[in-house]
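Notes to accompany the following structure.
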Amino acid sequence: MTKNSYIIGFPRIGEHRELKKALEQYWSGKISAEELHKAAAELRKRHWLLQKEKGVEYISSNDFSYYDGMLDTAAMLNAIPARFMKIEDDLQRYFAMARGTKDLTALEMTKWFNTNYHYIVPELNDEINFRLNAEKIIGEYCEAAKLGIKTKINLIGPITFCGLSKTSDNKGGTFKYFDTILSVYKELFAKIATLDDKITIQLEEPLFAKAVPPEYLQLLKRSVTELCEVSNKIELIVMTYFEHSCEATEILTETPVWGIGLDFIYGQKNLGAIKGIKSKRIIAGVVDGKNIWKTDFNKALSVLNEIDKFMPREKILVSTSCSLLHLPFSVINEPESKVKQLLSFASEKIDEVVLLSKLFNSAELSGDERGYMHKSEQITAARSTKEDLPEIKPEVRKKPFAERINLQKERQELPLMPTTTIGSFPQTAKLRKLRRDFRQGIISASDYEAEIKSYIDDCIAIQEEIGLDVLVHGEPERNDMVEYFGEMLNGFHFTSNGWVQSYGSRCVKPPIIYSDISRQEPMTVKWITYAQSKTSKPVKGMLTGPVTIINWSFARTDIPHSIIAMQIADALKEEISDLQESGIKIIQVDEAAFKEGYPLRKENVGEYEEWAVKSFRHTVSIAHPETQIHTHMCYSQFNDIIKTIEAMDADVITVETARSGNKLLRIFHDTAYKNEIGPGVYDIHSPRIPSVDEFKSQILLRLQVVDRSRMWVNPDCGLKTRKWDEVKPALINMIKATKAIRDSFM
Ligand code: GLN
Ligand code: ZN
C-alpha cells in the first residue's frame, strides 16, 4: 500500500458495462433482483481489489450506485415523494423514482455541475417522513471489510443535497428541511461509528465549488461541527471538486474536520486558501479526474510542493481532482493507435496517483513506474504545438441583421410564421442497422448511399405532403450530432470502449480532440444538396457548432479552448461556404450544449462567452447576407445569457418552450431581442400528439411575447427519438393551427 494515496471515487458501470447490462436485464424482467445484486456485488469486489492491488490507501465504499448518488442519498434519508409510496418493494420503488412507471412520472434529472453526468433531482415536501435507511452504506462497508479492505465511506453532504433538490411548496425552499436532514446524517454517523475504532467519511459538498450565499457557509460550519461531535472515532473529510472552494475552505479551517479535499486542477485558486490549515489533512486533487490525458508529473509535483510549504508533508494526501466516474474504465481495452499512448483512463489514473504519492514522498519507484513517468514526460513535450499553430483571425458577418433579414425575406418568399423542424426525423431500427452494416463493411458504399437517399426521399415527400415551409433532410446518416462531425474532421480520435456513464444505465463515448482540427472534405453537402434537388421548398443545411462539439468531447489541454473552438469554426466555415455555393439558402448551426458549458464561477464566465461567441460568429462569418443562419438551443432559460445570445447574432434561433410556455421566453421580449425566434410548440420528449386546438393556444401564447413578423413555428428539438406515427399527425396539427392563425390575421 502506498501511504497517502487517495481516490475520490471509482466508475461503477464496469469495464465492459456489466452494470448497464445487468440493470437492463433486470428492468426487462430477464433476471431477478438477486441476480442483479449478485452482479453488482461482483463489480464492487472487482473494483475494490483493483484499487487495492494498485496500492491505493484510501479506497471508497458507497461510490457504487444502481442509478445515481443523489437518488441514493434521497433513499438514505427516506425522501420518497408520496406518489411512490404505494410501491412496496424497495428496489422497484427506487427504479420507479429514477425512471417512472406507466402511471408515475419519474423525478427530474439534470446535469451534475459542469460534467455530462446527470443526477436525479430529489423532491422534498412536508409529506416526507425523513428517517434513516443505512443498509446500503453499512452493507457496502462490511462487504469490503470482508475482503480485507477498510474503506472510507463516501456521502453526498447535506448542503449539496438540499441545494440540488427541489420542492414544490415554495415556502422556504428545500433548506427548511435542513435541520431534519442533518439529524438523519447524525444518526448515520453514530451508526457508522460503531463499525470500527477509526473510520473515515468523505462528505462531498461540491456545491461550494460555486459561489454560494453566506448562509450556506454558516450552515457548513455548523453542520460539520455537529457531525464531528457525533463521535471521535470518525475522521471527517469535506470534499469539493470541479472548481476552487476558497470561501468554504476558510470556514472549514475553523471546524474540527480531519481533512479537506480540494481540486487543484480546475480550482488552482485553492492554493491561496490553504495557508491556515496546518492542523488538517489536505486531500490534494492534482491528477485530473475528468479528462483523459496522461498526467504531467512535473506539473503535479510542483503543485504538491507548493502545498508542502504550508503544512507537514505527511498531512498531504495525493488524489484525483474528482471522482473517476467521469472517465472510461481502462486504456488497456483500446486498440493500438498513435493516440493511445497519450491516454489515461480511470484505471491508469489510479496508477498515476500511486506513482505521484511515491515520488512526492521519495519512495522508491519500480522499473515500470519509472518507464511510465519517462514516457509521459516525452509525450507532454511532444504535444505542445502552441508555437506552430497558424493564427486564425476571427471574422464576423459584414452586414447587420436589419439589412440581412430584408435580403433573406426577398429571396425566400416564406409565409408569415414559417413552419419548420429542428433537423432529425425518426431514427428507425432499420436505419440504425443500415449504418451499422455499412460501418462493419457488410454492405457497400453505394448500397448504403442508395438507402440513405431513399430515407431522404421519404422525409422530403412527407414534409411536402404535410405542408412544412422550410424542410430538412432528416439526418439519417448521423448517429450523433457530435460524433458525425468528429469522424469526418482531422484531429479527433474515437475510442472503441471509452464508455462513460451519462445517467442510469446510459453511457456515452465522447470523442477525443487530440490534435489540430481541420476539414478533409465536405461533410454534409452531398446529403443536403440531394434533399434540395427533390423539392422546390428551401432545405436547411444542418451543422453542429464549435461550442457544442467541444463541450461534448474530451478536449486537449495543451492549448486553450478558445483556439480549439476557432479551429473547429474554421473547418465549419468551409462547409458553410460549400453549402451556400451549392444553392442552400438556409443553414442551421446547432449549439445544443452552449449553455451547459458555462463555468461554475462568475469570474470565468466572461472568458467562456468570449470564445464561445467568437467561434460561433467566425463559423457563420462566410455566410452571404442573403443566406439565413439559424441556431438551435435545447432549453429556454436565457435570462442570464440573453446578451450573449444577442451577440451570436443568428438570424433565427429556435428554442425549447413547449413545457414552459412564455415564462422563460419573456426575456426575449423584455430585452427587445431583434432577431427572429422559433419557440418550440411541440414537446418532443413526450409521445403525446397535441391537438390542433392545443397547438393554436401554444402559438397564440407565444405571440403575446414574440411579434408575429419575427416568429417561426417549430417543435422543441429534433424528432429522432420519436416514432413516425407520432411525428406525422403532430406536425399536421401544428401546421393546421399555424395556418388558421395566419388566416385570422388576413
Ligand atoms: N439538429 C439536431 C436534431 O434535430 C439537434 C439536436 C439537439 O439539439 N440536441 O437532432
Ligand atoms: Zn435541441
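Position 1 is the first residue of the sequence; numbering continues from there. Whatever order the structure lists them in is the order used to number ligands and atoms, beginning at 1.
- When only modelled atom types and interatomic distance are considered, Asn714 and Thr420 share no side-chain donor-acceptor pair under 3.5 Å.
- For the pair Arg478 and Tyr484, the cation-pi test (distance below 6.0 Å, angle within 45°) is passed.
- Listed by number with element, the atoms of ligand 1 under 4.0 angstrom from any heavy atom of Ile422 are 1 (N), 4 (O).
- His632 contributes NE2 as its N, O or S atom closest to the Zn ion (ligand 2).
- Lys537 contributes a side-chain N or O that, together with a main-chain N or O of Leu468, makes up a donor-acceptor pair within less than 3.5 Å.
- In Ser424, the parts holding a heavy atom less than 4.0 Å from any atom of ligand 1 are both the side chain and the backbone.
- Considering each of Gly423, Pro715, Cys634, Ala593, the one bringing a non-hydrogen atom nearest atom 8 (O) of ligand 1 is Cys634.
- Asp651 and Gln408 share a side-chain donor-acceptor pair at under 3.5 Å.
- The Zn ion (ligand 2) lies at the vertex of an angle of 120° between the SG atom of Cys634 and the SG atom of Cys717 (rounded to 10°).
- Inspection of the Glu123 and Ser165 side chains reveals no N or O donor paired with an N or O acceptor under 3.5 Å.
- Close contacts of ligand 1 with Glu475, meaning ligand atoms under 4.0 Å from a residue heavy atom, involve 1 (N), 2 (C), 3 (C), 4 (O), 10 (O).
- Put simply, CE on Met109 and CD1 on Ile120 are 6.0 Å apart, with the number rounded to the nearest 0.5 Å.
- Within the listing of ligand 1, atoms 6 (C), 7 (C), 9 (N) sit less than 4.0 angstrom from a heavy atom of Met481.
- Atoms of ligand 1 lying under 4.0 Å from at least one heavy atom of Asp590, given by number and element, are 1 (N), 2 (C), 5 (C).
- Those atoms of ligand 1 that come under 4.0 Å of a heavy atom in Met542, given as number and element, are 1 (N).
- Every atom of ligand 1 with a heavy atom of Gly718 under 4.0 Å away is listed here by number and element: 3 (C), 4 (O), 10 (O).
- Only the side chain of His632 comes within 4.0 Å of ligand 1, counting heavy atoms alone; its backbone N, CA, C and O stay farther away.
- Between the side chains of Gln588 and Asp590, at least one donor N or O sits under 3.5 Å from an acceptor N or O.
- A cation-pi arrangement is not found for Lys674 relative to Phe668, the charged atom failing to lie both closer than 6.0 Å to the ring centre and inside a 45° cone about the ring normal.
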